[in-house]
Amino acid sequence: MRRGFIFTLDAVLALFLVLIMITAITTAESQVQSVYKTQMRMGELGDANAMLKLLRTVPLSQLVPANVIDNWESGSDPVLNLTLVTPDMSPLEIAATYWAVSPLYPSRDYQKKASIIIGYILNSTLKGYNYELLINNWTNTFLSKGTYNYSLAKDVSAATLVLSGYAYNQTPRGYVARAFLSKLRAKVTSYVYQGDYISTQHSKKWIQITYIIPTSQFPLNTTIINVTWYFEAAVVDSTYRAYINGEPVTCFPQWSTMTFKEITDDGSGSCNLVENVQKSVNESTDTNFTVEVYNSGGVSGEDGAQHIIITYKTSQASTFRYPHYYHFADVRANDSIHIEKYVFVPGNLTDLSIKIAGQNIKTVTAAIRVYGSVSKSFSLTKVGGYFVATNGTLADIVKDMGYNYSDLSGTYFTILFNVTWDGSGELHLDGRDSYVYADYIPFTAMSLYSVDVTDVIPPYYWSGGPALGYFYHNAEWEWDIPEYATPLYVTFQLPWYHSSFSDCRQKVSILMNSSTNQWRTLYYAPDYNPFIDAFARWGYTRVTRDYLDRIIGNALHTGLNAFELDFGSCYYVAPKYTLASVVYLLNAYAPYGNVKPYLMQGYPKVKAYNLTYVYNLGGRNYTASIIVGSLNAVTSGEYLNITACKLDPTKYAVDDAILRLFRNLGGNGCTKPILVNLGDTLIDYVSLPGVPRSISPITITLRIWRVGG
């Protein structure tokens, strides 16, 4: 049965919309197959807007191999003319730029170059299909594949467009511009360290646990603003001592008996956390947060909800790195130890392995916990002075549980370790050389212009309690993600408490749409379920799934998000001490926009702006100014003092580029502050003058059918 559809568009980009749509569908399907199986293919691939957005935002450099990019950049007449485009632009942006300038430089044949780029992606992704592109009944040889007659095919997908063409040397003409940043004056973000469950097996002896914060997490120009450290004992009423870089923590009551405690330091009081972290950053050394814990009941350690939050200011735009090495804490004990290692993988998991290093370790056994199910125990192999588990071993164990690596992708799973002491000297687990390694393909790619932000989310609401003063049956967290940001993931580290009451229902929900108050249930159990034993962590990306294994797209989205826990009388969580954090990307790049009649206000006498704008750091609004354009123009007096509120994107290409850049940075610089301080850096813009705006309609048809009909 044949099918067809018709689009009528009136913009320069329309030529490539159909091509990009097909490529986007294929790319998305490839990603989905490896992570979320068949369900999402049926639920998501009908959304053409989502597919178009994918190819609008993913840079060419992440879709095409590096050697192909290098080849396209070489030669006297390169396919990628770096004065007009860059590999950091999406294929749609590059193709649109070339299509726009093609009438101005006919000898360069930019339409052919666009065809090479789009054709390469089509040929790489539409395997098993033939296609044919017709422009006014003429077939473009660079955008066709296969000699089989489509009229004989059983199933042909056809798309026809009527769009605006360009008539060379006709008027009116105008300008387009793009804007970007190379660095920032300042942004505020946080580094979040989440601890694991670590305890001795049985002896009434001290255990020493050191959380190592690597200096590589912080740029050299980092200014530490605040440090928060939360302690939670593995057994109630344990005795504690706390140190930072070997010094006693001055705001911590040493030798105190407690179950949980939080201390925070903003650098203004008697606490020495900020000064020690700042010293480590300045000297490029790691920061060691150490606890010594003792409990007379026989088990000493920390419970898995302990964490450290370091909030800092930096001018480096990109400070986030996807984690692959999940290091253990450094542990010393005169006993065997038990560790529950929590691992969150924000991508398609492809490889998993374990390495344990240390002294006086006799054996290491482990088990994997996925959604409450625990595998059979297995032993790590001793190789030289290390205990290891290879990817093949772990993949087989996960398979024996009835899962695969796609089930571990985009969610928390736990590896349970028993590290036995050989009885001689002190057991030492070396935290610098012991880790779980996870290789994966991130769900969301980062570009050279990505500005990462990690926000700590305070609790929004809690009820039903309290127990122990801070634990409640119900709790909710709410947070906003800027409209044009790209969400990466959100994670929760939850201190929880079990009582002897009989109502053991458990429900976890997320807000999908604030305007319609639409919620989705991620987990529900009317009675006790073993899953609750693993409920120390929860995390999800833009796509997750519920307890019935149904795919939930857009789980983490721009705008208002919410995460809600609703428990019966058996279970409590502590909202005050829960660590909730969200990571998202801002984009310090605005590609070419629509054609505008003028370049900038006051041009040609004005060639730069001294732009005043509003930004927000740490919850406070500030005003600053920045030069847009060349410093030489400022020196020569060819500039205009202007505020972001006076920019006119309807007339001026540079104004439009600035506001689109500000939008990507979380606001408009006027009524809505942007989320970074641009300071005394420059906003660079690149304009294309004389871009034609006249209309000469042409008809384009794209036909796609399977190879062999």
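Quick caveat, the model's predicted, so the values are computed rather than measured. Values reported hereafter were calculated over all heavy atoms of this structure, with side chains retained and with hydrogens, waters and symmetry mates removed. Numbers here simply count residues along the sequence, with the first being 1.
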**Q** Would you mind reporting whether V508 and Q506 have side-chain heavy atoms less than 4.5 Å apart?
**A** no
**Q** Show your reasoning for whether side-chain contact (heavy atoms from CB on, under 4.5 Å) applies to I481 and L556.
**A** CA-CA 9 Å; I481 297 177; L556 184 65; 3.8 Å; yes
**Q** So, taking the atom named OH in Y440 and the one named CG in L408, what distance separates them when rounded to the nearest 0.5 Å?
**A** 13.5 Å
**Q** So do the side chains of P253 and K261 get within less than 4.5 Å of each other, counting heavy atoms only?
**A** yes
**Q** Within the distance-only criterion (no hydrogens, no angle test), does the side chain of T200 pair as donor or acceptor with the backbone N or O of S300 below 3.5 angstrom?
**A** yes
**Q** Given F231, which of F289, Y577, F252, F260 fulfils the ring-ring contact (aromatic ring centres under 6.0 Å, His included) condition?
**A** F252
**Q** Is it true that T314 and Y312 share a donor-acceptor pair across their side chains at a distance under 3.5 Å?
**A** no
**Q** Could you give all pairs that pass the salt bridge (Lys or Arg N to Asp or Glu O under 4.0 Å) test and reach residues 493-505, with sequence neighbours left out?
**A** D503-R505, R505-D566
**Q** Extract all donor-acceptor atom pairs below 3.5 Å that involve side chains of residues 487-494 and protein atoms in other chains or at least two apart in sequence.
**A**
| residue | atom | partner | partner atom | Å |
| --- | --- | --- | --- | --- |
| T491 | OG1 | S581 | OG | 3.4 |
| Q493 | OE1 | H307 | ND1 | 3.1 |
| Q493 | NE2 | G304 | O | 3.0 |
| Q493 | NE2 | Q306 | O | 3.0 |

**Q** Considering all heavy atoms of both residues, which atom of P346 and which atom of T541 are nearest to each other, and what is their separation?
**A** CA-CG2, 4.2 Å
**Q** Roughly how far, to the nearest 0.5 Å, is CD1 of I337 from CZ of F328?
**A** 9.0 Å
**Q** Do N391 side-chain atoms and L352 backbone N/O form a donor-acceptor pair below 3.5 Å?
**A** yes
**Q** A side-chain contact here means heavy atoms from C-beta on lying under 4.5 Å apart; do L416 and V374 qualify?
**A** yes
**Q** Can you tell me if Q278 uses its side chain to pair, donor with acceptor, with the backbone of I224 under 3.5 Å?
**A** yes
**Q** How about S450 and S318: does a side-chain donor come under 3.5 Å of a side-chain acceptor?
**A** no
**Q** Given side chains that start at C-beta, do those of N404 and K399 come closer than 4.5 Å, heavy atoms only?
**A** no
**Q** Do Y211 and E302 meet the criterion of a side-chain donor-acceptor pair at a distance under 3.5 Å?
**A** yes
**Q** Kindly indicate, with the supporting measurements, whether the criterion side-chain contact (heavy atoms from CB on, under 4.5 Å) is fulfilled by Y524 and D546.
**A** CA-CA 9 Å; Y524 178 72; D546 65 12; over 6 Å; no
**Q** Given D452 and T319, is the side-chain hydrogen bond (donor to acceptor under 3.5 Å, both in side chains) satisfied, shown in steps?
**A** CA-CA 7 Å; D452 58 277; T319 52; 2.8 Å; yes
**Q** Under 4.0 Å between a side-chain nitrogen and a carboxylate oxygen: does that hold for K355 and D430?
**A** no
**Q** Under the criterion side-chain hydrogen bond (donor to acceptor under 3.5 Å, both in side chains), I'd like the reasoning laid out for N226 against T264: C-alpha separation, chi angles, the key distance, then a yes or no.
**A** CA-CA 7 Å; N226 187 280; T264 187; 3.2 Å; yes
**Q** So, for V188 and L617, which heavy atoms are closest and what is the spacing to 0.1 Å?
**A** N-CD2, 3.7 Å
**Q** Only one of F471, Y572, Y571 forms a ring-ring contact (aromatic ring centres under 6.0 Å, His included) with H498, so which one is it?
**A** Y571
**Q** With no hydrogens and no angle check, just 3.5 Å: does a side-chain donor-acceptor pair link S190 and T311?
**A** yes
**Q** Taking all heavy atoms of C271 and all of V249, pick out the closest pair and write down the distance.
**A** SG-CG1, 4.2 Å
**Q** Within 45 degrees of the axis of the six-membered ring of F417 and under 6.0 Å from its centre: does K341 put its NZ or CZ there?
**A** no
**Q** Indicate yes or no for a side-chain donor-acceptor contact from S499 to the backbone of S569 under 3.5 Å, with no hydrogens or angles considered.
**A** yes
**Q** Does S199 use its side chain to pair, donor to acceptor, with the backbone of V299 at less than 3.5 Å?
**A** no
**Q** What's the spacing between I213 CD1 and Y191 OH if we round to 0.5 Å?
**A** 4.5 Å
**Q** Do F563 and I457 come within less than 4.5 Å of each other through their side chains, counting heavy atoms only?
**A** no
**Q** Are V293 and N295 side-chain neighbours, meaning at least one heavy-atom pair lies under 4.5 Å?
**A** no
**Q** Checking T215 against S280 for the side-chain contact (heavy atoms from CB on, under 4.5 Å) test, could you report, in this order, the C-alpha distance in whole Å, the side-chain angles of both residues, the deciding distance, and whether it holds?
**A** CA-CA 7 Å; T215 189; S280 295; 5.7 Å; no
**Q** Check the pair I212, D330 against side-chain contact (heavy atoms from CB on, under 4.5 Å), reporting the backbone distance first and the verdict last.
**A** CA-CA 7 Å; I212 302 171; D330 193 272; 4.2 Å; yes
**Q** Is D303 reaching over with its side chain to a backbone N or O of A305, donor-acceptor style, under 3.5 angstrom?
**A** no
**Q** Can you tell me how far OH of Y240 sits from CE of M258, rounded to the nearest 0.5 angstrom?
**A** 5.0 Å
**Q** So does T350 get a backbone contact from the side chain of D439, meaning a donor-acceptor N/O pair under 3.5 Å?
**A** no
**Q** How about Y437: does its OH atom have over 12 heavy atoms from other parts shown lying under 6.0 Å from it?
**A** yes
**Q** Can T228 and Y230 be said to form a side-chain hydrogen bond (donor to acceptor under 3.5 Å, both in side chains), step by step?
**A** CA-CA 7 Å; T228 296; Y230 175 66; over 6 Å; no
**Q** With no hydrogens and no angle check, do the side chains of Y243 and N276 hold a donor and an acceptor under 3.5 Å apart?
**A** no
**Q** Under the side-chain hydrogen bond (donor to acceptor under 3.5 Å, both in side chains) criterion, do T210 and T290 qualify, and how do the steps go?
**A** CA-CA 4 Å; T210 298; T290 302; 2.9 Å; yes
**Q** For the residue pair T578 and A574, what are the closest heavy atoms and their distance?
**A** OG1-O, 2.8 Å
**Q** Could you report the tightest heavy-atom contact between I198 and A329, atom names first, then the distance?
**A** CD1-CB, 3.8 Å
**Q** Any side-chain heavy-atom pair from M401 and I368 closer than 4.5 angstrom?
**A** yes
**Q** Before accepting this row, confirm whether a basic side-chain N of the pair E340/R369 lies closer than 4.0 Å to the acidic partner's carboxylate O.
**A** yes
**Q** Among I354, V419, V364, which one satisfies side-chain contact (heavy atoms from CB on, under 4.5 Å) with F387?
**A** V364
**Q** Any sub-3.5 Å donor-acceptor pair from D480's side-chain atoms to L560's backbone N or O?
**A** yes
**Q** With salt bridge (Lys or Arg N to Asp or Glu O under 4.0 Å) as the rule and sequence neighbours excluded, what pairs involving residues 264-290 come up?
**A** D286-R432
**Q** So, taking the atom named OG in S434 and the one named CD1 in I361, what distance separates them when rounded to the nearest 0.5 Å?
**A** 6.5 Å
**Q** Looking only at heavy atoms, what is the nearest atom pair of Y342 and G195, with distance?
**A** CD1-O, 4.0 Å
**Q** Given side chains that start at C-beta, do those of Y322 and T444 come closer than 4.5 Å, heavy atoms only?
**A** yes
**Q** To the nearest 0.5 Å, tell me how far R520 CZ sits from I552 CD1.
**A** 4.0 Å
**Q** Is there a donor-acceptor pair closer than 3.5 Å between any side-chain N or O of N418 and the backbone N or O of H338?
**A** no
**Q** Hey, do the aromatic rings of F567 and H473 have their centres closer than 6.0 Å?
**A** no
